[in-house]
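Both ligands and their constituent atoms are indexed starting at 1 by order of listing. Residues take their numbers from the sequence shown, with the count starting at 1.
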Amino acid sequence: MTRAAVLNGLGAWVPPRVVTNDMLSAELDTTDEWIRTRTGIAQRHVIEPGTATSDVAVEAARLALKSAGTDRVDLVVVATSTPDRSCPATAPTVADKLGLSGVGAFDVAAVCTGFVYALATAAGLISSSVVDSALVIGADTFSTILDPADRSTRAIFGDGAGAMVLRAGRPGEAGAVGGFDLGSDGSGADLITVRAGGSEQRGSGAAAAAADTYFRMAGPRVFVQAVRHLSGSVRGTLAKSGWSVEDIGLLVPHQANARILGAVADELGVPADRVANNIGRVGNTVAGSIPLALADAAVRGRLTVGQRIVLTGFGGGLSWGSAALTWPGISTPAIGNDILEIK
Ligand code: UT7
C-alpha cells in the first residue's frame with residue numbers, strides 16, 4: 001500500500017458543567033466511595049439543556065482543525081449513538097455548523113467502539129483515494145438517554161467528544177494509522193441497549209414502555225465480555241501491525257471502568273503507566289472516550305514522536321475494535337474546558 005491515513009490534528013471537549021459523585025449521592029442511593037471504588041470515576045461532565053450532540057461534536061472538531069492548522073477537510077464522519085435525531089444523520093449538521101457544507105458526511109453507530117469503526121472507515125477511504133482528508137469525531141451525550149433513577153448508569157456515563165483530522169500520507173511515517181481489528185457479537189444486543197424507539201418496537205405496533213425508552217446495561221455481564229474482547233482485539237491489532245506487547249508506548253482503551261482498564265493491562269502484560277486513564281475526570285463518554293483519553297495523554301506530555309499507540313474499544317452490539325498508530329509531530333493538541341483536573 002502506498003497511501004495511508006496520517007493523524008494531523010487532535011482535539012477533545014467536554015461540557016463545562018461538572019457533576020460530582022457527591023452531587024449524584026444527593027439524589028440517588030449511592031456514595032462517592034462506591035462509585036470511586038467500583039469504577040474509578042470521581043466526576044463527569046454533562047450538557048446544559050438546549051445542547052445537542054452536534055454542538056459537542058463541533059467544539060471538539062474545531063479544536064482538532066485548529067491543531068491541524070486547517071479549516072478544510074473532504075469528509076466528516078461522526079461516531080455517535082446519541083444522534084441529534086434518529087433521522088437524518090448528525091454528521092451533515094456538524095459539517096454545516098463547521099462551515100463545511102458540501103463535503104461528504106455520515107454517521108457510524110457502534111456505541112463505545114464507534115470511534116474505532118469511524119477511524120477505520122475514514123482511513124480506508126483515504127488509503128483508497130476516495131478522499132484526501134477527513135475529520136473523524138466521536139461524540140455522545142448519554143445524559144440525554146439515561147434513566148434519572150438508574151444509579152448504575154448515571155454513576156458511569158458522561159458527555160463529551162474527541163476528534164481527529166486525518167490527511168493522506170505514507171504508511172511508514174509518524175502519525176500513520178493502520179492495523180485495524182474489528183469484531184462484533186449481535187447475540188449480546190440486549191446487554192447494552194435502548195429497547196424502544198427503533199423499528200423493532202415501532203414495527204411491533206405496541207406502545208413503548210416508559211422504562212424501555214432509557215439506556216440499559218447489564219453491567220457485570222458486560223464487564224466480563226469487555227475484558228475478554230478488549231484484550232483479544234489489542235492482540236489482533238498487534239498481529240496485523242507486526243508489533244509485540246512490549247512495543248506499545250501507550251495503550252488507549254475505551255474508558256469504561258478503571259477496573260476494566262486494570263484487568264486488560266494485567267491480561268496483556270502492559271504496565272499501568274503505559275495505559276491511558278482519564279476516566280476519573282470524565283467518566284465513560286462512549287464514542288468520545290478514546291480520542292478524549294488520547295488528547296489527555298498528549299496534553300500531559302506522555303507522547304513522543306514515533307511512539308507506538310494502540311487504541312481499543314468495546315461496547316454495545318456487542319462490538320469491539322482496535323487500531324495502531326504512531327504519534328506524529330503535531331502541535332500539542334487543543335483540549336477544551338480544562339478537563340485535566342478534578343474540580
Ligand atoms: O462502555 C461500554 C462497556 N461498559 C462496560 O464495560 C461497563 C462494565 N460494567 C461495569 O463497569 C460494572 O459492572 C458497573 C460499574 C456497571 C457495576 O459495578 P459492579 O461492581 O459490577 O456492580 P453490580 O452491578 O454487580 O452491583 C453490585 C451491587 C448491587 O447491589 P446488590 O444487588 O448487591 O444489593 C447494585 O444494585 O451494587 C449496586 N449498585 C450500586 N450501589 C451504589 C450498582 N450501582 C450502584 C451505585 N451505587 N451507583
Ligand-residue contact atoms, ligand 1 with [X], heavy atoms, under 4.0 Å:
X: R38; value: 20 (O)
X: I156; value: 15 (C), 16 (C)
X: N257; value: 10 (C), 11 (O), 12 (C), 15 (C)
X: T30; value: 42 (C), 46 (C), 47 (N), 48 (N)
X: T39; value: 15 (C)
X: S152; value: 43 (C), 44 (N)

Exercise. In terms of the angle between their ring planes, are F157 and F215 parallel, tilted or perpendicular, with boundaries placed at 30° and 60°?
Worked result: perpendicular
My question is simple, although I want it checked carefully: is [atom] less than 4.0 angstrom from any protein heavy atom?
atom: atom 1 (O) of ligand 1; result: yes
atom: atom 15 (C) of ligand 1; result: yes
atom: atom 34 (O) of ligand 1; result: no
atom: atom 31 (P) of ligand 1; result: no
atom: atom 10 (C) of ligand 1; result: yes

Is [X] reaching over with its side chain to a backbone N or O of [Y], donor-acceptor style, under 3.5 angstrom?
X: Q201; Y: G197; value: yes
X: R3; Y: I126; value: yes
X: T39; Y: R36; value: no
X: N284; Y: I156; value: no
X: D74; Y: D132; value: yes

Exercise. Is ligand 1 under 4.0 Å from a heavy atom in the side chain of T153, in the backbone, in both, or in neither?
Worked result: neither
For this session: Report the part of L24 (side chain from C-beta onward, or backbone N, CA, C, O) that has a heavy atom under 4.0 Å from ligand 1; answer both or neither where that applies.
Result: neither
For this session: Determine, considering heavy atoms only, which of A155, C112, G219 sits nearest to atom 13 (O) of ligand 1.
Result: G219
Problem set entry | Closest to atom 7 (C) of ligand 1 among M217, Q255, R154 (heavy-atom distance) | M217
Just to confirm my output: which protein heavy-atom neighbour is closest to [atom], and how far is it?
atom: atom 27 (C) of ligand 1; result: W34 CZ2, 4.6 Å
atom: atom 3 (C) of ligand 1; result: V222 CG1, 3.7 Å
atom: atom 38 (C) of ligand 1; result: R151 NH2, 3.5 Å
atom: atom 19 (P) of ligand 1; result: R259 NH2, 3.8 Å
atom: atom 21 (O) of ligand 1; result: P220 CG, 3.7 Å
atom: atom 6 (O) of ligand 1; result: I260 CD1, 3.2 Å

Assess, by modelled atom type and distance only, whether the side chains of [X] and [Y] contain a donor and an acceptor separated by less than 3.5 Å.
X: S322; Y: D181; answer: no
X: E246; Y: S244; answer: yes
X: D140; Y: T80; answer: yes
X: R44; Y: N21; answer: yes
X: D150; Y: T153; answer: yes
X: T144; Y: T82; answer: no

Exercise. Should we count CZ of R302 as having more than 12 external heavy atoms under 6.0 Å?
Worked result: yes
Exercise. Taking the non-hydrogen atoms of H254, is any one of them nearer than 4.0 angstrom to ligand 1?
Worked result: yes
